Amino acid sequence: MTPPLYRGRIAPSPTGFLHLGHARTFWIAQERARQTGGKLLLRVEDIDTARCKPAFAEALYEDLRWFGLSWDEGPDCGGPFAPYIQSERMGFYRDLLERLRAGGFIYPCRCSRRDVLSALGAPHAGEEEPHYPGFCRPKPGDPIAPLGLQNVHWRFRVPHGERMTYTDGALGDQTAVAGVDFGDFVVWRRDGLPAYQLAVVADDAAMGITEVVRGADLLLSTFRQFLLYRALGFAPPAFYHAPLLVDPATGVRLAKRHGALSLRALRARGAEPEALRQEWT
Ligand code: GLU
């Protein structure tokens, strides 16, 4: 049998202007798709309505193109496209939430992030989801709760102690232990929106993605996502986690708050995309 055509994706969140770190990851994604004669999709991950702004979404297309990126499917691709904008796909995510609930994979939780952090004695919230101590985790034999409860989020019950392994395209063999390296994680938020973990798995599966290329900050989430693929009966794609760019002056990871390295700011200062790309090779 011939292997399926490579389908990769770039999946920015319009919570700020794109910076050089995003551009490099997206460039790698594009190269991998082009080298295999495959397709590259653009998906706009704009579920977090409080943080995503239309102005950033509009800037996105322009910044991607300026940098030399193009995509075969998705918004602004120059042809017809399926709705690859997450805020337009809520019904689909809700159906998957119901599947997870009916299968007994998730449970409602009333603990806030602050409750979790204070229980853990953590001084501050990092970017990684804190390890949930399981206060709301049902006991064996408890009935499955219905959807529609107010003011709860839904957590995925991870199989404690399960050792998970996979080979990453960039980083090689990876291992994590469920319940040790990460705890029960949120799949649906109390504000009525799907969490990143669920939406990304739903979409990568529905869009037939064969390899996910993204930043190494999401490496641990890959294990959470493997559990969701399994619970939903979807075949997972391959994963390639690109090492993160760090600021050469400070050694600090580039993030959106480093406004000076936004593609917009670089362009305004006369930077050329080709020269920027050459610094990585
Ligand atoms: N939208 C996510 C971000 O901008 C990327 C998610 C992913 O590639 O899985 O961080």
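Both counts, for ligands and for their atoms, begin at 1 and track the order of listing. In what follows, residues are counted from 1 in the order of the sequence shown. Hydrogens, waters and symmetry mates play no part in the numbers below; they use all other heavy atoms, side chains included. None of the values given here were measured: they were computed from a predicted structure.
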Novice: Any idea which part of Q86 is under 4.0 Å from ligand 1, heavy-atom wise: side chain, backbone, both or neither?
Specialist: neither

Novice: Under 4.0 Å from a heavy atom of E45: give me the atoms of ligand 1 that qualify, with their elements.
Specialist: 1 (N), 2 (C), 5 (C), 6 (C)

Novice: Do the rings of Y166 and F223 sit parallel, tilted or perpendicular, given the 30° and 60° boundaries?
Specialist: perpendicular

Novice: Considering the heavy atoms of V200, write down every atom of ligand 1 situated less than 4.0 Å from one of them.
Specialist: 9 (O)

Novice: Quick one: sort the Y132 and F135 rings into parallel, tilted or perpendicular, breaks at 30° and 60°.
Specialist: perpendicular

Novice: Report the distance from atom CZ of F105 to atom CZ of R157, rounding to the nearest 0.5 Å.
Specialist: 10.0 Å

Novice: I need the single residue from F185, Y107, F226, W188 that forms a ring-ring contact (aromatic ring centres under 6.0 Å, His included) with F156. Which is it?
Specialist: F185

Novice: Looking only at non-hydrogen atoms, find the nearest pair between R9 and A29 and report the distance.
Specialist: O-CB, 4.1 Å

Novice: Which of the numbered atoms in ligand 1 are below 4.0 angstrom from a heavy atom of R9?
Specialist: 7 (C), 8 (O), 9 (O)

Novice: Within the structure, does L218 bring an N/O atom to less than 3.5 angstrom of an N/O atom in ligand 1?
Specialist: no

Novice: Please find the pair of heavy atoms, one from S70 and one from R34, that lie closest to each other, and give the distance.
Specialist: O-NH2, 3.0 Å

Novice: Could you list the atoms of ligand 1 found under 4.0 angstrom from a heavy atom of A11?
Specialist: 1 (N), 2 (C), 4 (O), 5 (C)

Novice: Counting each atom of ligand 1 from 1 as listed, which ones have a heavy atom of Y196 under 4.0 Å away?
Specialist: 6 (C), 7 (C), 9 (O)

